[in-house]
Visitor: 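What follows is a single structure, and I will ask about it in a moment.
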Amino acid sequence: MTKLAQWLWGLALLGSTWAALTMGALGLELPSSCREVLWSLPAYLLVSAGCYALGTVGYRVATFHDCEDAARELQSQIQEARADLARKGMRF
């Protein structure tokens, strides 16, 4: 099962549970305070998912490892390409 399928199954399960509890399909008599929280639960979950995604991206950027060897190799390739193009008459 792909990660997308897992996320879609989880969202479908949470969404159907939320709809059943909100619309009263299960026959449960929830207190009004619980129903008020249930109505805003999707917004809370969306904000929480956004904060998690932002935190994950920030952490990955902060702990990104530089590849100094690859950077030096790339710079030498750029210099070789410039020298080759300069021999062919191109100016920089």
Side-chain angles (χ1 to χ4, degrees):
M1 181 179 279
T2 65
K3 201 63 165 170
L4 176 62
Q6 289 176 353
W7 278 100
L8 290 176
W9 273 105
L11 286 175
L13 181 65
L14 283 174
S16 61
T17 304
W18 174 80
L21 287 173
T22 305
M23 304 300 172
L26 299 176
L28 298 174
E29 289 297 322
L30 297 174
S32 63
S33 60
C34 289
R35 279 184 275 151
E36 288 175 10
V37 170
L38 276 175
W39 277 109
S40 59
L41 189 62
Y44 291 144
L45 290 176
L46 186 64
V47 169
S48 297
C51 290
Y52 173 76
L54 187 62
T56 301
V57 168
Y59 174 76
R60 299 289 176 159
V61 166
T63 60
F64 184 76
H65 299 292
D66 291 331
C67 301
E68 295 177 11
D69 295 335
R72 280 192 296 268
E73 181 183 350
L74 182 60
Q75 287 297 325
S76 68
Q77 289 176 356
I78 290 171
Q79 293 302 324
E80 289 175 16
R82 283 188 174 193
D84 184 45
L85 290 173
R87 276 183 297 210
K88 294 181 180 180
M90 187 169 195
R91 291 186 186 175
F92 294 99

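Only heavy atoms go into these numbers, but all of them, side chains included; no hydrogens, no water, no symmetry mates. We're numbering straight along the sequence, starting at 1.
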Visitor: Once salt bridge (Lys or Arg N to Asp or Glu O under 4.0 Å) is applied, do any residues pair with R60, and if so which ones, sequence neighbours excluded?
Guide: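 For R60, no residue satisfies salt bridge (Lys or Arg N to Asp or Glu O under 4.0 Å) once neighbours in sequence are set aside.
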
Visitor: Can you name the residues that form a side chain to side chain contact (heavy atoms under 4.5 Å, CB included) with A86, not counting sequence neighbours?
Guide: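 Result, side chain to side chain contact (heavy atoms under 4.5 Å, CB included) vs A86: none returned.
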
Visitor: Can you check whether E73's main-chain N or O pairs, donor with acceptor, with S76's side chain at less than 3.5 Å?
Guide: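 Yes, S76 side chain to E73 backbone: donor-acceptor pair under 3.5 Å.
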
Visitor: Taking transitive links into account, so neighbours of neighbours count too, which hydrophobic residues share a cluster with V57 at under 4.5 Å side-chain distance?
Guide: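 V57 shares its hydrophobic cluster with V61.
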
Visitor: Going by the rule side chain to side chain contact (heavy atoms under 4.5 Å, CB included), which residues pair with E29 if we only count those two or more places apart in sequence or in a different chain?
Guide: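 Per chain and number, E29 pairs via side chain to side chain contact (heavy atoms under 4.5 Å, CB included) with no residue.
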
Visitor: Enumerate the residue pairs fulfilling side-chain hydrogen bond (donor to acceptor under 3.5 Å, both in side chains) with a member in residues 82-92, sequence neighbours excluded, ordered by first and then second residue.
Guide: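 Qualifying pairs: D84-R87.
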
Visitor: Tell me if the CD atom of E68 is crowded by more than 12 foreign heavy atoms within 6.0 Å.
Guide: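 Not more than 12 within 6.0 Å, no.
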
Visitor: Grab the two heavy atoms, one from T17 and one from L13, that are nearest each other, plus how far apart they are.
Guide: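 Shortest heavy-atom separation between T17 and L13 comes out as OG1-O, 2.8 Å.
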
Visitor: State the NZ-CD distance between K3 and Q6, to the nearest 0.5 angstrom.
Guide: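 It comes to 4.5 Å.
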
Visitor: Below 3.5 Å, can you tabulate the donor-acceptor pairs from side chains in residues 31-51 to any protein atom, sequence neighbours excluded?
Guide:
| residue | atom | partner | partner atom | Å |
| --- | --- | --- | --- | --- |
| R35 | NE | L30 | O | 3.1 |
| R35 | NH2 | L30 | O | 3.2 |
| S40 | OG | V37 | O | 3.2 |
| S48 | OG | Y44 | O | 2.9 |

Visitor: Could I get the full list of side chain to side chain contact (heavy atoms under 4.5 Å, CB included) partners for L14, not counting sequence neighbours?
Guide: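 Applying side chain to side chain contact (heavy atoms under 4.5 Å, CB included) to L14 gives none.
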
Visitor: Which other residues end up in the same hydrophobic cluster as M1, if Ile, Leu, Val, Met, Phe, Trp and Tyr are linked when side-chain heavy atoms come under 4.5 Å apart?
Guide: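 Grouped by the 4.5 Å side-chain rule, W9 form the rest of the cluster around M1.
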
